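The structure under discussion appears below in the form of structure tokens.
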Amino acid sequence: MRTSPQQRLREWIAAPAYPWITGGAVTAGAAVELIAIPGGVTTTVGVLVSAASLMWRRSFPPVAVLTVAAGLIGFAGDVNLYVSITVSGLAGCYALGRNRVVHPALAVAGGALGALCVNLVHINTWSRMDLPVPALWEKGSLSLFAESFLLTVVVFGAVMMGDAVRSREETRTERSLAQDRLIAMERQQAAEAERAAIARELHDIVSHSVSMIAVQAESATYTTPGLTPEARDGFQQIAGTARSSMAELRRLLGVLRTPQGDTALTAPQPTLDHLAELLDQHRAVGGTAELRITGERVALPAAWELSAYRIAQEALTNARKHAPGARTVVEVDYGADRLLTLRVRDDGPGTGTASGSGSASRPGTGTGHGLTGMRERAALVGGRLTAGSGPDGGFLVEAELPWGSG
């Protein structure tokens, strides 16, 4: 991606070599000025120290005090105002405000006092040069202090500009941190919501199995001939334990349930056998999809079947939203090493802002949370999920779900 001239300028200013290059350039300019317009010892030392100290203004910000002080001393030593002193003085005042070496009010007050001292030295110099200098009580004497007033205004402007830039960067940093915290909180909430949804779905799966245990145990006491009283009691205990487990499951689901999920889920939970129907739904809304299955179909535990189905569903939704019209391929590999691999890839534009059902996000600038949900699904069964640009372009979601311990 091409960068703008403003961005390149900011990057150059932020480079570590920037203060050394600019400080060296100002020092070289000061040397040329002193050769062209020689000054006294005080002026020469003040000009060179003020310019050279700029090279350390970033690595050691308090040196800006020396920069400004040396510039004022150099100006006081000669009535001529060197350009290098003007540049280094402004840069020093800016650095004082930018780095908050001292409070801006104290920096301006110090600069005003220094400007007044320089002005008084110049008034004394003018009187020794036989220039008309009115006494302080005479009319027009206040005009003698126009120099200190102008210098104070310049110091105030440079310090305030530096402080304003500092405040703006602090605000930008705080805004960025707040946005990062908000995104992290949203992702955490999305993960918690996804875990609650998973818990509700697993509740239906486990409830069906436990209810079957209870029914079969109770039926066995009437349908199995020749049961001993001990066996009959055993079947009744199994049924009672199953009913207790059902009650505990309902109580647990009540804790996890959200206001939107107050009604119990009644539809049977989908499995990998329903992938063909899922792809038909994808095609019905204008998508192009193909299902590829490798390996021998294995009846996986319900949690694995459901997690794989939901991951495929989320990935297809993501493809519809961010790669409309793209060709999507869903691959299911029943590995011989008891590893289920699910891949959903499309030939769309690849990475970018994305948000599918549940806001499935593609890596980039997106702030969706569907990938968080898919990773939660994979982690539920001890697997892992990766998402990003495919090897041949487009976008690829790949989940590896080991089911050997399922």
Side-chain angles (χ1 to χ4, degrees), residues 19 22-23 25-57 60-163:
T22 54
V26 175
T27 303
V32 172
E33 272 195 297
L34 289 171
I35 293 174
I37 308 174
V41 176
T42 301
T43 299
T44 302
V45 172
V47 170
L48 293 177
V49 170
S50 180
S53 60
L54 288 176
M55 292 184 283
W56 288 272
R57 68 186 185 276
F60 186 64
V63 78
V65 176
L66 176 63
T67 302
V68 177
L72 291 174
I73 291 173
F75 183 34
D78 199 318
V79 293
N80 295 316
L81 178 60
Y82 291 88
V83 175
S84 56
I85 284 185
T86 304
V87 174
S88 61
L90 288 173
C93 291
Y94 175 86
L96 287 175
R98 173 70 179 77
N99 299 285
R100 271 289 179 109
V101 176
V102 294
H103 192 278
L106 184 59
V108 173
L113 180 60
L116 178 61
C117 293
V118 170
N119 201 167
L120 292 175
V121 171
H122 283 171
I123 291 175
N124 182 58
T125 303
W126 296 335
S127 62
R128 286 190 285 104
M129 294 173 62
D130 295 331
L131 294 176
V133 179
L136 293 179
W137 55 86
E138 293 182 359
K139 183 178 179 180
S141 60
L142 292 179
S143 62
L144 296 175
F145 297 94
E147 183 181 67
S148 60
F149 175 76
L150 180 60
L151 287 176
T152 300
V153 171
V154 171
V155 169
F156 175 82
V159 172
M160 289 300 104
M161 181 179 295
D163 188 64

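Just so it is clear, the model here is predicted, and its values are computed rather than measured.
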For [X] and [Y], work out which heavy atoms get closest and say how close.
X	Y	result
V68	G92	CG2-C, 3.7 Å
S84	V47	OG-CG1, 3.4 Å
V155	G111	CG1-CA, 4.1 Å
V49	A70	CG1-CB, 3.8 Å
L90	A158	O-CB, 3.9 Å
A146	N119	N-OD1, 4.3 Å

Hydrogens and angles aside, do R57 and S88 bring a side-chain donor and acceptor to less than 3.5 Å of each other?
no

Is it the case that more than 12 heavy atoms not belonging to Y94 sit under 6.0 Å from its OH atom?
yes

With a 6.0 Å cut-off (strictly less than), is the heavy-atom count around CE of M160, excluding the residue itself, greater than 12?
yes

Between [atom1] on residue [X] and [atom2] on residue [Y], distance to nearest 0.5 Å:
X	Y	atom1	atom2	result
T152	F145	OG1	CZ	12.0 Å
T125	L120	OG1	CG	10.5 Å
L66	S50	CG	OG	8.0 Å
L48	S53	CG	OG	10.5 Å
T67	I85	OG1	CD1	12.0 Å
C93	L151	SG	CG	9.5 Å

Do side-chain atoms of [X] reach the backbone of [Y] as a donor and acceptor pair under 3.5 angstrom?
X	Y	answer
S148	L116	no
T43	G39	no
R98	A95	no

Sequence neighbours excluded, every pair satisfying salt bridge (Lys or Arg N to Asp or Glu O under 4.0 Å) that has a member inside [range]:
range	result
residues 105-122	none
residues 100-109	R100-D163
residues 68-80	none
residues 31-48	none

Which pairs with one or both residues in residues 72-93 pass ring-ring contact (aromatic ring centres under 6.0 Å, His included), sequence neighbours excluded?
F75-H122

Carefully, step by step, assess L54 and T22 under the rule side-chain contact (heavy atoms from CB on, under 4.5 Å).
CA-CA 8 Å; L54 288 176; T22 54; 6.0 Å; no

Going by the rule side-chain contact (heavy atoms from CB on, under 4.5 Å), which residues pair with A69 if we only count those two or more places apart in sequence or in a different chain?
none

